[in-house]
Amino acid sequence: MNMPRFATPEELLNSQVREFNKGNIDFLMTLYEKEASFVNQPGQEIKDVNTIREA
């Protein structure tokens with residue numbers, strides 16, 4: 001899924017909040033690069049996109 005373009009940072013942020021509230025994980029995953037890291041809890045770094053999706 002390709003992330004749509006937004007005219008302003010506020011539009012992007014609002015779309016993230018809206019899609020998060022809908023539970024749209026596919027949209028949220030478009031925000032991560034293939035090499036991304038995610039910190040789910042202090043000291044717990046996740047580097048695999050499939051595990052990021054689960055978190």
Side-chain angles (χ1 to χ4, degrees):
M1 171 184 242
N2 293 327
M3 189 164 100
R5 299 216 180 253
F6 299 95
T8 67
E10 290 82 10
E11 285 181 14
L12 174 60
L13 179 58
N14 289 336
S15 72
Q16 291 171 344
V17 171
R18 184 174 51 253
E19 298 304 317
F20 178 86
N21 288 333
K22 288 182 194 176
N24 186 349
I25 300 301
D26 290 332
F27 175 82
L28 298 173
M29 290 305 297
T30 66
L31 303 172
Y32 291 93
E33 296 289 332
K34 291 179 183 178
E35 309 292 321
S37 292
F38 179 76
V39 178
N40 193 26
Q41 297 179 17
Q44 182 182 4
E45 181 180 15
I46 302 169
K47 293 187 176 186
D48 174 68
V49 289
N50 292 323
T51 308
I52 291 173
R53 177 182 286 276
E54 291 173 13

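Looking at residues two or more places apart in sequence or on another chain, you find a side-chain hydrogen bond (donor to acceptor under 3.5 Å, both in side chains) between E19 and K22, N24. F20 meets the side chain to side chain contact (heavy atoms under 4.5 Å, CB included) test with L28; sequence neighbours excluded.
Listed here is the closest heavy atom pair of L31 and Q16: CD1-NE2, 3.4 Å. Of all heavy-atom pairs spanning I52 and A36, the tightest one is CD1-O, 3.9 Å.
Sorted by first and then second residue, the side chain to side chain donor-acceptor pair (under 3.5 Å) pairs involving residues 43-55 (not counting sequence neighbours) are D26-R53, S37-E45, D48-T51.
Taken to the nearest 0.5 Å, the CZ atom of R5 stands 13.5 Å off from the CD atom of E11.
Both M29 and F6 are members of a single hydrophobic cluster when ILVMFWY side chains are connected at heavy-atom separations under 4.5 Å.
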